[in-house]
Number of protein chains: 2
Amino acid sequence: MTPRTPAPRSRRDRPAKPALTHDAIVAAAVRLMAAEGLQRVTMRRLAQELDTGPASLYVYVAGTAELHAAILADLLGEVDLASAAGDGDWRDRLAQVLLSYTRVLFDHPGLAHSALVARPSGPHYLALVETILALLHEGGVPDGQAAWGVDVLLQVATATAAEQSARSGDPDAEKDHDALVEALGQASSRTYPRIAALGADLSSGSPQQRLAWIFRAVVNGTAGTPRSAG
Amino acid sequence: MTPRTPAPRSRRDRPAKPALTHDAIVAAAVRLMAAEGLQRVTMRRLAQELDTGPASLYVYVAGTAELHAAILADLLGEVDLASAAGDGDWRDRLAQVLLSYTRVLFDHPGLAHSALVARPSGPHYLALVETILALLHEGGVPDGQAAWGVDVLLQVATATAAEQSARSGDPDAEKDHDALVEALGQASSRTYPRIAALGADLSSGSPQQRLAWIFRAVVNGTAGTPRSAG
DNA sequence: ACCTGAACACCGTTCAAGT
DNA sequence: ACCTGAACACCGTTCAAGT
């Protein structure tokens, strides 16, 4: 009889080799990223994981860029939007949402980087934007400013996550940062008087303190800067 | 007459195969990037350009990351800091400096991306930071806020350049953006009431208008947000 | 009609072996 | 002591050929 593929008596629901679909591929990609990091989620590595050749993936996925964008869209579901509904100050709740977003990016090495390159998309992203807009609205920020401000807020959150994400993980990046701090500290007061005057202040504060201030500053700027000449 | 670099009768200063040094490698890398874009500045391609094998480069350069950081440090010399010394409003002069920085990044595809990943360094970067700090000082922005604000300012400028840089160039990125605009426009007013309410406003304005507003907003936020709880 | 093996054209980085 | 050929271990993407 030699029954290889022995007795699939029910339907072929063995999870070993799932049918290739866009969704199945993205799901596998998310699993792979959780296990090995985004940098390992390549078309070839993923194909290997799915027991097929890389060419087969291209039937369902446009390429690496689309794949990474799809992972981001999916993972954005982990952002905690519930804190937006609390009853504290709207600014604090907004900061909490942005902080959750930052944390999601930060917790998945490489993801922040991907968020900077490919514009996010999907329902989770829309929900995030909606939540931020609602909080700005609640705070009385004029619509036009809120519309433009939401982009800046997400941009600084993303860039900050990318920066910190690059720093932890890679020991070289840590050295680069130390070198920069050193360079700022050593700056001659003749050539760089303001840098010298500010000194250690330039690199003061914990990442958390800085990020909290950044969110406050950008929210204030958004709230207080009219879109027509000012 | 045809006087093309007439007669190199002196020492072996034939530019064909310059001695390998860190500086010579970076100079070649900058030339290569100008000719073919950052994505082509790889250790292998650069070695080929320098008539050697990739292994030889590793004697002078730590790897691709350091190489790209060195290119960025060099190209930052193209930022126009002179407008800082004019006599208009300090905010306008600051915006001009930041715009010049954005343009330098934008004009070199891939460079903005590199600036987001590797923290910039070198004298040109220091000069840029110094100039921004001086303008914030002139504007009466408290030192502590200026110290943290300069980072945010450069961060949004860099991220904006990276975004626009990715969009032009790559036709897929353009499609992604259109898809996002479409998604925002189609958003149901039941699920996403604020997105629906703002509608086209979310993607209104030219990149220039948006960037000008962003700079104003972040400067205002920096100027108006104290570092201790606010 | 649909899928994919195999190839094309690249990468970064290391290290044993040469000069 | 200094440099590098050659190798290792990967990439993304395409397309002719198979089923």
Side-chain angles (χ1 to χ4, degrees), chain A residues 4-5 12 16-26 28-29 32-33 35-72 109-111 113-114 117-118 166 169-173 175-176, chain B residues 12 16-26 28-29 32-33 35-72 109-111 113-114 117-118 166 169-173 175-176:
Chain A
R4 65 183 90 153
T5 318
R12 10 79 201 169
K17 190 169 179 174
L20 282 188
T21 63
H22 180 95
D23 288 359
I25 290 172
V26 173
L32 183 56
M33 133 160 255
E36 310 188 6
L38 220 222
Q39 77 280 167
R40 291 263 183 264
V41 184
T42 64
M43 295 299 273
R44 291 182 104 108
R45 180 73 185 77
L46 186 57
Q48 182 186 314
E49 206 70 11
L50 289 165
D51 257 316
T52 182
S56 305
L57 265 37
Y58 281 84
V59 178
Y60 308 98
V61 168
T64 308
E66 198 212 277
L67 183 64
H68 286 189
I71 292 175
L72 175 63
L111 194 63
H113 184 233
S114 160
V117 172
D170 185 3
D172 281 353
K175 270 197 176 169
D176 278 8
Chain B
R12 13 82 201 165
K17 189 166 180 175
L20 281 189
T21 63
H22 180 94
D23 286 359
I25 290 172
V26 172
L32 183 55
M33 132 160 258
E36 310 189 7
L38 219 221
Q39 77 280 167
R40 291 266 185 261
V41 184
T42 64
M43 296 300 273
R44 291 182 103 109
R45 181 74 185 76
L46 186 57
Q48 182 186 314
E49 206 71 11
L50 289 166
D51 257 316
T52 183
S56 306
L57 265 37
Y58 282 84
V59 178
Y60 307 97
V61 168
T64 310
E66 197 212 278
L67 183 64
H68 285 188
I71 292 175
L72 175 62
L111 193 62
H113 183 234
S114 161
V117 171
D170 185 3
D172 281 353
K175 271 197 176 169
D176 279 7

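Just so it is clear: chains get the letters A, B, ... in the order the sequence lines come, proteins before strands, and each one is counted from 1.
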Please tell me if the side chains of B:Ile71 and B:Ser114 come closer than 4.5 Å, counting only heavy atoms from C-beta onward.
-> no
Minimum-distance pair of heavy atoms, taken over all atoms of A:Leu67 and A:Ala29 | CD1-CB, 3.9 Å
Rounding to a whole Å, what distance do you find between B:Asp51:CG and D:dT4:C1'?
-> 14 Å
Those stems involving DNA chain D that have three or more consecutive Watson-Crick or G-U pairs, both distances under 3.5 Å, are C:4-8 with D:12-16, C:12-16 with D:4-8
Measure the spacing between CD1 of A:Ile25 and CE of A:Met43 and express it to the nearest 0.5 Å.
-> 7.5 Å
Least distance between heavy atoms, B:Ala118 atom then B:Ala69 atom | CB-CB, 4.2 Å
Contact check, side chains of A:Arg45 and A:Gln39, non-hydrogen atoms, under 4.5 Å = no
Taking the side chain of B:Thr52 as heavy atoms from C-beta outward, which of D:dG12, D:dC3, D:dT4 is closest to it?
-> D:dT4
Is the shortest side-chain N/O distance from B:Tyr60 to OP1 or OP2 of D:dC3 below 4.0 Å?
-> yes
Residues in side chain to side chain donor-acceptor pair (under 3.5 Å) contact with B:Ser56, at least two apart in sequence or another chain = B:Thr52
Whichever of A:Gln48 and A:Ser56 has the more 5' nearest nucleotide on DNA chain D, that residue is A:Gln48
Using nucleotides 6-8 of chain D, report all nitrogen or oxygen pairs with the protein that are shorter than 3.5 Å.
none

Roughly, in whole Å, what's the span from CG in B:Leu57 to P in D:dT4?
-> 10 Å
Taking only the side-chain heavy atoms of A:Met43 (C-beta and beyond), determine which of C:dG12, D:dG12, C:dC11 contains the nearest atom.
-> D:dG12
Which pairs count as side chain to side chain donor-acceptor pair (under 3.5 Å) when at least one residue sits in residues 59-72 of chain A, sequence neighbours excluded?
-> none
Between D:dA9 and C:dC8 - P atom distance, rounded Å | 22 Å
Heavy-atom contacts under 4.0 Å between residues 61-72 of chain B and DNA chain C, which residues?
-> B:Gly63, B:Thr64
Please report, rounded to the nearest Å, how far the P atom of C:dC11 is from the CZ atom of B:Arg45.
-> 8 Å
Not counting sequence neighbours, which residues clear side-chain contact (heavy atoms from CB on, under 4.5 Å) with B:Ala65? List them please.
-> none
Starting at atom CG of A:Leu20, determine the distance to atom P of C:dC3, rounded to an integer number of angstrom.
-> 8 Å
For residues B:Leu46 and B:Leu57, determine if any side-chain heavy atom of one lies less than 4.5 Å from a side-chain heavy atom of the other.
-> yes
Between the CG atom in B:Leu38 and the CD atom in B:Glu36, the distance rounded to the nearest 0.5 Å is 12.0 Å
May I have the distance from B:Ile25 (atom CD1) to D:dC3 (atom C1'), rounded to whole angstrom?
-> 12 Å
When the distance from CD of B:Glu36 to P of C:dC10 is rounded to whole Å, what number comes out?
-> 11 Å
Protein-nucleotide distance (A:Gln39, atom CD; D:dC10, atom P), rounded to Å | 13 Å
Closest non-hydrogen contact found for B:Ala70 with B:Val26 is CB-CG2, 3.7 Å
Distance, rounded to the nearest Å, where A:Arg40 contributes CZ and D:dC10 contributes P = 7 Å
